[in-house]
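Whatever order the structure lists ligands and atoms in, that order sets their numbers, starting from 1. Everything numeric in this text was worked out from a predicted model, so none of it was measured.
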Amino acid sequence: MLLLQLPANFLSSRSRMGNRLSERHCRLLPLLPSSFQSLHIVILGLDCAGKTTVLYRLRFNEFVNTVPTKGFNTEKIKVSLGGGGGGKRRRRTMASFHFWDVGGQEKLRPLWRSYTRCADGLVFVVDSADGERAEEAKTELHKITRLAENQGVPVLVVANKQDLRSSLSLAEVERLLALGELGAATPWHLQPACAIIGEGLQEGLEKLYAMIAKRRKTLRQQGNKKKR
Ligand code: G3D
Ligand code: MG
């Protein structure tokens with residue numbers, strides 16, 4: 001039964017009024033000002049990549065021991081963004097992220113699609129120390145980003161477990177996942193990270209947010225042109 005489970009408030013909040021409206025709803029959501037809603041972010045990747053560790057590190061700012069995810073975990077998290085680096089002081093923005101961490105076992109992967117519908121962004125977590133399953137991770141990443149409804153949805157690829165001595169370099173991860181072949185329609189950023197101590201996660205979210213904001217701006221401009 002668990003296999004058929006959808007996020008508890010997914011249907012109620014996003015498509016309460018039926019499929020036809022929800023599809024339109026999905027198209028219109030990116031046009032809303034970001035202050036209006038939480039960003040819908042889906043965390044995907046093979047089992048054991050560290051998805052749930054990422055989620056709880058972001059939520060509690062500490063390491064939480066995980067158990068294999070049979071369905072999904074979800075958390076709404078407010079994140080303070082911007083202001084870092086550079087000489088000039090930048091204004092910080094509070095952004096609300098609604099994360100869906102979905103089980104990555106093979107039998108659960110066909111369900112990913114129901115979570116990514118209406119996604120503002122994807123976080124694809126990879127175990128950088130697991131070169132043997134890089135091909136499998138690549139296949140799943142390319143499969144989910146190729147779906148028509150995910151065209152243009154920005155992807156943050158988290159090269160996790162960088163603390164392990166056996167972890168692959170970023171260049172290796174980029175090559176093995178064939179990120180260059182994701183296609184012009186999919187903006188992506190590859191972020192080295194260690195979810196256990198949280199290293200790299202804030203930077204990754206900053207990049208993801210910037211890609212989402214850029215996409216929204218483009219969609220708004222295209223919408224305005226059509227109206228003229
Ligand atoms: P998943 O949700 O993608 O299936 P989990 O993965 O978050 O459950 O993590 C799977 C295992 O990887 C866990 O170890 C977790 O502690 C470990 N892990 C997650 N992130 C990191 C990391 O950055 N570095 C290292 N070294 N390990 C990490 P266990 O032992 O519980 O299986
Ligand atoms: Mg998990």
Please identify which atoms of ligand 1 are closer than 4.0 Å to at least one heavy atom of [X].
X	value
Thr66	5 (P), 7 (O), 8 (O), 9 (O)
Phe63	16 (O)
Asp47	4 (O)
Leu46	3 (O)
Asp163	22 (C), 23 (O), 24 (N), 25 (C), 26 (N)
Leu164	26 (N)

Open item on the list: Parallel, tilted or perpendicular, judged at 30° and 60°: which one describes the rings of Trp112 and Phe124?
Closed with: perpendicular
Is there a donor-acceptor pair under 3.5 Å between the side chain of [X] and the backbone N or O of [Y]?
X	Y	answer
His189	Leu205	no
His40	Tyr115	yes
Trp100	Glu75	no

Open item on the list: Any carboxylate oxygen within less than 4.0 angstrom of a Lys/Arg side-chain nitrogen, looking at Lys161 and Asp130?
Closed with: no
Task: SB check Asp47 Arg109 (cutoff 4.0 Å) - done: yes
Task: Side chain, backbone, both or neither: Thr53 near ligand 1, heavy atoms under 4.0 Å - done: both
- [ ] Just let me know how Asp127 lines up against ligand 1, side chain, backbone, both or neither, with a heavy-atom cut-off below 4.0 Å.
- [x] neither
Task: Check: Val157 and Glu174 side chains under 4.5 Å, non-hydrogen atoms - done: no
TODO: From atom 18 (N) of ligand 1, work out which of Lys161, Gln105, Gln162, Lys51 has a heavy atom at the shortest distance.
DONE: Lys161
Open item on the list: Out of Thr52, Asn65, Asn160, who is nearest to atom 20 (N) of ligand 1 when you count heavy atoms only?
Closed with: Asn160
TODO: Report yes or no: do Phe72 and Leu122 belong to one cluster of Ile/Leu/Val/Met/Phe/Trp/Tyr joined by side chain heavy-atom distances under 4.5 Å?
DONE: yes
Open item on the list: If hydrophobic clusters are built from ILVMFWY residues whose side chains come within less than 4.5 Å, do Val125 and Ile212 share one?
Closed with: yes
Open item on the list: If you measure every N or O of Asp101 against every N or O of ligand 1, does any of those distances drop under 3.5 Å?
Closed with: no
Task: Min N/O separation Val67 to ligand 1 under 3.5 Å - done: no
Is the shortest distance from a heavy atom of [X] to ligand 1 less than 4.0 Å?
X	result
Cys194	yes
Pro68	no
Ile196	yes

Open item on the list: Strictly less than 4.0 Å: does any protein heavy-atom distance to atom 14 (O) of ligand 1 fall in that range?
Closed with: no
Open item on the list: In the complex you have, is atom 24 (N) of ligand 1 within reach of the protein, judged by whether a heavy-atom distance drops under 4.0 Å?
Closed with: yes
Task: Degrees at the Mg ion (ligand 2) between the OG1 atom of Thr52 and the OG1 atom of Thr69, nearest 10° - done: 90°
Open item on the list: Give me the atom names and distance for the closest heavy-atom approach of Ala195 to Val54.
Closed with: CB-CG2, 3.6 Å
- [ ] Provide the closest heavy-atom pair for Cys194 versus Asp163 in the form atom of the first, atom of the second, distance.
- [x] SG-OD1, 3.5 Å
Open item on the list: Tell me the protein heavy atom at minimum distance from atom 32 (O) of ligand 1, and give that distance in Å.
Closed with: Cys48 SG, 4.8 Å
Open item on the list: Quick test: of every protein heavy atom, which one is nearest to atom 6 (O) of ligand 1, and how far off is it to 0.1 Å?
Closed with: Gly50 N, 3.1 Å
Task: Donor-acceptor side-chain pairing of Thr52 and Thr69 below 3.5 angstrom - done: yes
